[in-house]
Amino acid sequence: RVLTDHVSLAHRYLVAINFGDDSTITNFVGSHATIPGEAVVTLVHGAPYAVEDEIDPSSLEIGAHGAVVVSWDYVAKEL
């Protein structure tokens, strides 16, 4: 029996919503092991980004009552 490595590429998402009345800047890097230092905006409302912008999740700015969805490639390795 031979074991081979199988690598599959998947997307991971971060959904950040600001329910407050003031803008906020939040550091999400380190809040989960898979969140990298760079991600791509997938959906945005009330934030200074556009879809497909590359952003830094360590200083994610979201306006009052705004939301941002960002994604990044994640390589899952199976043995």
Side-chain angles (χ1 to χ4, degrees):
R1 185 172 204 196
V2 177
L3 292 177
T4 59
D5 288 347
H6 174 72
V7 177
S8 63
L9 188 64
H11 293 288
R12 295 290 187 249
Y13 294 89
L14 167 67
V15 178
I17 303 171
N18 180 3
F19 291 104
D21 294 329
D22 299 314
S23 293
T24 183
I25 297 175
T26 305
N27 179 359
F28 287 98
V29 173
S31 63
H32 191 274
T34 65
I35 298 176
E38 187 174 277
V40 176
V41 175
T42 306
L43 183 67
V44 63
H45 173 76
Y49 311 110
V51 172
E52 297 188 11
D53 279 356
E54 291 185 3
I55 58 97
D56 179 357
S58 69
S59 65
L60 191 61
E61 182 178 351
I62 306 171
H65 308 286
V68 178
V69 177
V70 298
S71 70
W72 60 93
D73 292 337
Y74 177 76
V75 177
K77 186 176 180 180
E78 300 173 13
L79 294 177

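Every heavy atom of this structure was used, including side-chain atoms; hydrogens, water molecules and symmetry mates were not.
Phe28 and Ile35 make their closest contact through O-CD1, 3.5 Å (heavy atoms, listed as atom of the first residue, atom of the second, distance). Between Val29 and Gly37 the shortest heavy-atom distance is CG2-CA, 4.4 Å.
Taking the side-chain contact (heavy atoms from CB on, under 4.5 Å) definition, one finds that Val51 meets it with Val44, sequence neighbours left out. In this structure Ser31 satisfies the side chain to side chain donor-acceptor pair (under 3.5 Å) test with no other residue, sequence neighbours excluded.
Cluster partners of Tyr13, by chain and number: Val15, Ile17, Phe19, Leu43, Val69. The rule joins Ile, Leu, Val, Met, Phe, Trp and Tyr whenever side-chain heavy atoms lie under 4.5 Å apart. Apart from Ile25 itself, the hydrophobic cluster it occupies contains nothing, where clustering links Ile, Leu, Val, Met, Phe, Trp and Tyr at side-chain heavy-atom distances under 4.5 Å.
Among pairs with a residue in residues 41-52, those fulfilling side chain to side chain donor-acceptor pair (under 3.5 Å) read Thr42-Ser71, at least two apart in sequence or across chains.
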Listed pairs under 3.5 Å, donor-acceptor, residues 55-67 side chains, sequence neighbours left out:
| unit_1 | atom_1 | unit_2 | atom_2 | d |
| --- | --- | --- | --- | --- |
| Asp56 | OD1 | Ser58 | N | 2.9 |
| Asp56 | OD1 | Ser58 | OG | 2.7 |
| Asp56 | OD2 | Ser58 | OG | 2.8 |
| His65 | NE2 | Asp21 | OD1 | 2.8 |

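At a threshold of 4.5 Å between side-chain heavy atoms, the hydrophobic network of Ile, Leu, Val, Met, Phe, Trp and Tyr places Val40 and Val68 in two separate groups.
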